[in-house]
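See structure below.
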Amino acid sequence: MRRLNRKKTLSLVKELDAFPKVPDSYVETSASGGTVSLIAFTTMALLTIMEFSVYQDTWMKYEYEVDKDFSSKLRINIDITVAMKCQYVGADVLDLAETMVASADGLVYEPVIFDLSPQQKEWQRMLQLIQSRLQEEHSLQDVIFKSAFKSSSTALPPREEDSSQPPDACRIRGHLYVNKVAGNFHITVGKAIPHPRGHAHLAALVNHDSYNFSHRIDHLSFGELVPGIINPLDGTEKIAEDHNQMFQYFITVVPTKLHTYKISADTHQFSVTERERVINHAAGSHGVSGIFMKYDLSSLMVTVTEEHMPFWQFFVRLCGIVGGIFSTTGMLHGIGKFIVEIIYCRFRIGSYKPVNSVPFEDGHTDNHLPLLENNTH
């Protein structure tokens, strides 16, 4: 009984076989089939290589949500060089209420030479070239995100030679922690002194002719400092045409969580609008000479995640390529063979010519083939 059940089970399984084996004696090969098979295998190999390159690649996924974190502090990373001596300028941050001045103790004032060395000029030229390409090709930002911590540092390289020229500028660098509300970071004449109604700068002791707010922004970012990330104002240089000139930067900061296969960081992206004008009270252009960066935070938070194609999806796509090419080439080969056979049959029919008719004496013709007579002799 068990043997009978096994035989029935095996016969049932054989009937469900979707891949029946055809004996080799019933298989007919042809030159056209071999050519099509060669083309199919070559196409499959090329598409498999291309699909594998896509499998190795990664892409950035952007997700948006409301930023609910308003209690934490916002870090501002600064590296700005102003074409004035350090004792003549002061930098500080004022929040939206204009009643709380953030401490600027985290900033370092370093006397430097404003003109860059040849190596530093080459660094600035390359940085400005990258900035121009980023404005044209927004997808390059994904490449920068993925190359964070892998690319070379974007900081200004040190001056390679010791110049005897005395320092004529002030490099203000460091970081500040401020509240996550709109604020104003500014560099102007005189050191800042706080008072109950806000703050003021001691500018009376500075000669008006020494005002020169030509500046270079080597780095400005918000949030955690991530090496390799290029920010919109990095490499910016502005030359003042007048002593009383105001430079304004209106910045919108977007909280960003960056998750790649290399790093995971809480940083910020920002967009900026620039404006500059000469202060002339007689002409109605009021204000204070200096550099003003007014920033505001977006209520949305962006999560940027580096994603990769899963292996099962790669396997399914690969099976689709192999099966699709086999089916398509087989169908095209059958259609082509059918068309060739029709054309060949028409040529054979067209090449047939009937035998000349045999006329009778009464004017009729005989179109039948003459019978062959057997010679009995």
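Please read all numbers here as calculations on a predicted model, not as lab measurements.
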If the threshold is 4.0 Å, N to carboxylate O, is there a salt bridge linking [X] and [Y]?
| X | Y | value |
| --- | --- | --- |
| E306 | K61 | no |
| K180 | D67 | yes |
| D218 | R216 | yes |
| E224 | R75 | no |
| D168 | K85 | no |

Taking all atoms of both residues into account, what is the closest heavy-atom pair of [X] and [Y], and its distance?
| X | Y | result |
| --- | --- | --- |
| H308 | D57 | CD2-O, 3.7 Å |
| G235 | Q124 | O-NE2, 3.8 Å |
| I291 | Y249 | CG2-CE1, 4.0 Å |
| C170 | Y109 | SG-CD2, 3.7 Å |
| A169 | C86 | O-SG, 4.5 Å |
| I279 | H286 | CD1-O, 3.8 Å |

What distance do [X] atom [atom1] and [Y] atom [atom2] have between them, rounded to the nearest 0.5 Å?
| X | Y | atom1 | atom2 | result |
| --- | --- | --- | --- | --- |
| Q120 | I113 | CD | CD1 | 9.5 Å |
| E51 | L46 | CD | CG | 13.0 Å |
| M246 | T188 | CE | OG1 | 8.0 Å |
| R277 | S289 | CZ | OG | 9.5 Å |
| Q269 | T252 | CD | OG1 | 12.5 Å |
| L38 | T42 | CG | OG1 | 4.5 Å |

Could you walk me through whether Q248 and E276 satisfy the side chain to side chain donor-acceptor pair (under 3.5 Å) test, starting with their C-alpha distance in whole Å, then the side-chain angles of each, then the deciding distance to 0.1 Å, before giving a yes or no? CA-CA 6 Å; Q248 293 177 301; E276 58 182 83; over 6 Å; no

For a 4.5 angstrom cut-off between non-hydrogen side-chain atoms, does [X] reach [Y]?
| X | Y | value |
| --- | --- | --- |
| D296 | I251 | no |
| F314 | F52 | yes |
| I78 | L107 | yes |
| I172 | V108 | no |
| H186 | K294 | no |
| I80 | R171 | no |
| V93 | D95 | no |
| L225 | T267 | no |

Same cluster (ILVMFWY, side-chain, under 4.5 Å), [X] and [Y]:
| X | Y | result |
| --- | --- | --- |
| I239 | V278 | no |
| I335 | I39 | no |
| Y62 | L258 | yes |
| V253 | L220 | yes |
| F247 | Y88 | yes |

Is the number of heavy atoms from other residues, nucleotides or ligands under 6.0 Å of [X] [atom1] greater than 12?
| X | atom1 | value |
| --- | --- | --- |
| E241 | CD | no |
| F250 | CZ | yes |
| Y261 | OH | yes |

In terms of side-chain heavy atoms, does N77 have a donor or acceptor partner in S221 at a distance below 3.5 Å? yes

Can S264 and H259 be counted as having a side-chain donor-acceptor contact under 3.5 angstrom? yes

So I76 and Y295, side chain to side chain contact (heavy atoms under 4.5 Å, CB included) or not? Walk me through it. CA-CA 11 Å; I76 306 178; Y295 61 89; 4.1 Å; yes

Report the hydrophobic cluster partners of I325, with the cluster defined as I, L, V, M, F, W, Y residues connected by side-chain heavy atoms closer than 4.5 angstrom, directly or transitively. F41, M44, L47, M50, I321, V322, F326

Taking the ring centre of each residue, are Y177 and H175 less than 6.0 Å apart? yes

Kindly say whether the aromatic ring centers of F270 and F222 come within a distance under 6.0 Å. yes

Derivation of the side chain to side chain contact (heavy atoms under 4.5 Å, CB included) call for R125 and K121: CA-CA 6 Å; R125 188 187 68 82; K121 288 182 178 178; over 6 Å; no

Chi angles and distances behind the side chain to side chain contact (heavy atoms under 4.5 Å, CB included) call for L233, E274: CA-CA 10 Å; L233 286 176; E274 305 174 15; 3.7 Å; yes

Under 3.5 Å: donor-acceptor pair, side chain of Q245, backbone of D242: yes

Going by the angle between their ring planes, with limits at 30° and 60°, are Y211 and F213 parallel, tilted or perpendicular? perpendicular

Classify the angle between the aromatic ring planes of F311 and Y55 as parallel (below 30°), tilted (30 to 60°) or perpendicular (above 60°). perpendicular

For H243 and N212, run side chain to side chain donor-acceptor pair (under 3.5 Å): C-alpha distance rounded to whole Å, both residues' side-chain angles, the deciding distance at 0.1 Å, then the answer. CA-CA 6 Å; H243 295 293; N212 183 6; over 6 Å; no

Walk me through it: do R173 and E110 pass the test side chain to side chain contact (heavy atoms under 4.5 Å, CB included)? CA-CA 8 Å; R173 57 187 177 89; E110 179 185 353; 3.0 Å; yes

